[in-house]
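Below you'll find the structure, written out as structure tokens, and then a few comments.
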Amino acid sequence: QVELVESGGGLVQAGDSLTLSCTASSRAFSSSTMSLSWFRQAPGQDREFVASISKNTGAASYADSVVGRFTISRNNANKTMLLQMYALRPEDTAVYYCATKRFGRSNWDYWGQGTQVTVTP
């Protein structure tokens, strides 16, 4: 069963903006959920952390490479989260994944299947 579904990826030019959306099932976004996050994986590279947000407090953290350009947000009522991306660079090209983690867990429990973002020079 697919618990998280990403959308909004596409082909853009450097400097453009794009917003990714992640819709979660009730299982992946519940009262037990502590954090929501975005990761990305570029071709030939390991998956890397992009941003995360606390479901309850809204406190967010970002990878250094996206600070000031990306904004993560969540809507608890709709069980969705967004990643607003501005001033995109070719090095932002990757498959972007959303994930959620429950309280007391060190690993991310649920993952989406990913959405491709391609930024051309």
Side-chain angles (χ1 to χ4, degrees):
Q1 182 177 354
V2 177
E3 308 286 2
L4 296 169
V5 178
E6 303 94 341
S7 62
L11 176 66
V12 297
Q13 293 184 326
D16 285 351
S17 301
L18 201 61
T19 296
L20 305 183
S21 178
C22 176
T23 301
S25 68
S26 295
R27 179 176 169 182
F29 199 126
S30 70
S31 58
S32 300
T33 301
M34 178 177 70
S35 301
L36 320 169
S37 68
W38 288 94
F39 288 77
R40 66 187 182 187
Q41 186 168 21
Q45 298 186 21
D46 294 333
R47 188 175 298 185
E48 66 173 2
F49 168 79
V50 175
S52 67
I53 187 167
S54 166
K55 182 176 75 70
N56 292 343
T57 69
S61 62
Y62 299 90
D64 290 344
S65 60
V66 306
V67 168
R69 299 189 299 121
F70 290 13
T71 300
I72 188 172
S73 61
R74 90 277 188 242
N75 184 317
N76 291 353
N78 294 338
K79 302 186 190 304
T80 58
M81 63 172 151
L82 299 179
L83 184 68
Q84 296 171 287
M85 306 184 292
Y86 306 98
L88 283 162
R89 305 167 180 169
E91 53 264 39
D92 295 318
T93 295
V95 177
Y96 284 71
Y97 300 89
C98 59
T100 64
K101 178 166 60 178
R102 291 172 288 176
F103 286 97
R105 302 276 291 178
S106 57
N107 294 327
W108 295 90
D109 296 295
Y110 301 101
W111 290 84
Q113 295 179 316
T115 185
Q116 176 71 47
V117 173
T118 302
V119 185
T120 61

List the steps and the verdict of side chain to side chain contact (heavy atoms under 4.5 Å, CB included) for Met34 and Lys101. CA-CA 6 Å; Met34 178 177 70; Lys101 178 166 60 178; 3.7 Å; yes

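- Leu20 approaches Trp38 most closely through the heavy-atom pair CB-CH2, 3.7 Å.
- Judged by distance alone, the side chain of Asn78 and the main-chain N or O of Thr80 form no donor-acceptor pair under 3.5 Å.
- For the atom pair Leu82 CG and Ser21 OG, the distance stands at 5.0 Å (nearest 0.5 Å).
- When all heavy atoms of Ala60 and Ile72 are compared, the pair lying nearest together is CB-CG2, 3.7 Å.
- Note that CG of Asn76 is 11.0 Å distant from OG of Ser30, once rounded to the nearest 0.5 Å.
- Nearest heavy-atom pair, Val66 versus Val50, reported as atom, atom and distance to 0.1 Å: CG2-O, 3.6 Å.
- With sequence neighbours excluded, the residues forming a side-chain hydrogen bond (donor to acceptor under 3.5 Å, both in side chains) with Gln116 are Thr118, listed by chain and number.
- Side-chain contact check for Arg40 and Tyr96: at least one donor-acceptor pair (N or O, by modelled atom type) lies under 3.5 Å.
- With a 4.5 Å cut-off on side-chain heavy atoms, Phe29 and Thr23 do not count as touching.
- Applying the ring-ring contact (aromatic ring centres under 6.0 Å, His included) rule to Phe39 yields the partners Phe49, Trp108, Trp111; only residues at least two apart in sequence or on another chain are considered.
- Proximity of Leu88 to Phe70: side-chain heavy atoms (C-beta onward) are separated by under 4.5 Å at one or more points.
- The closest side-chain donor-acceptor pair between Glu3 and Ser25 falls under 3.5 angstrom.
- Counting heavy atoms from C-beta on, the side chains of Val2 and Gln113 come closer than 4.5 Å.
- Residues Phe103 and Asn56 are in side-chain contact: their nearest non-hydrogen atoms beyond the backbone lie under 4.5 Å apart.
- A heavy-atom distance below 4.5 Å is not found between the side chains of Val119 and Asp16.
- Tyr62 and Met85 fall within a single hydrophobic cluster, where Ile, Leu, Val, Met, Phe, Trp and Tyr are joined by side-chain heavy atoms under 4.5 Å apart, directly or via other members.
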Let's go through Thr120 and Leu11 carefully: what are the C-alpha distance in whole Å and the side-chain angles of both, what is the deciding distance for side chain to side chain contact (heavy atoms under 4.5 Å, CB included) to 0.1 Å, and is it a yes or a no? CA-CA 8 Å; Thr120 61; Leu11 176 66; 3.6 Å; yes

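- Every residue two or more places apart in sequence or in another chain that forms a salt bridge (charged side-chain N to carboxylate O under 4.0 Å, His left out) with Arg105 is listed here: Asp109.
- Rounded to the nearest 0.5 angstrom, Gln84 CD and Thr19 OG1 are separated by 5.0 Å.
- Between Ser54 and Ser35, the side chains place no donor N or O within less than 3.5 Å of an acceptor N or O (distance only, hydrogens not considered).
- Between Cys98 and Met81, some side-chain heavy-atom pair lies under the 4.5 Å cut-off.
- The minimum heavy-atom distance linking Ser65 with Arg69 is given by the pair O-NH2, 2.9 Å.
- Lys79 approaches Ser26 most closely through the heavy-atom pair CE-OG, 3.6 Å.
- Between the side chain of Asp92 and the backbone N or O of Arg89 there is at least one donor-acceptor pair closer than 3.5 Å.
- If you take CD1 on Ile53 and CZ on Arg74, they are separated by 5.0 Å, rounding to the nearest 0.5 Å.
- With contacts defined as side-chain heavy-atom distances shorter than 4.5 Å, the pair Leu83/Thr71 does not qualify.
- Nearest heavy-atom pair across Ala24 and Leu4 is CB-CD2, 3.3 Å.
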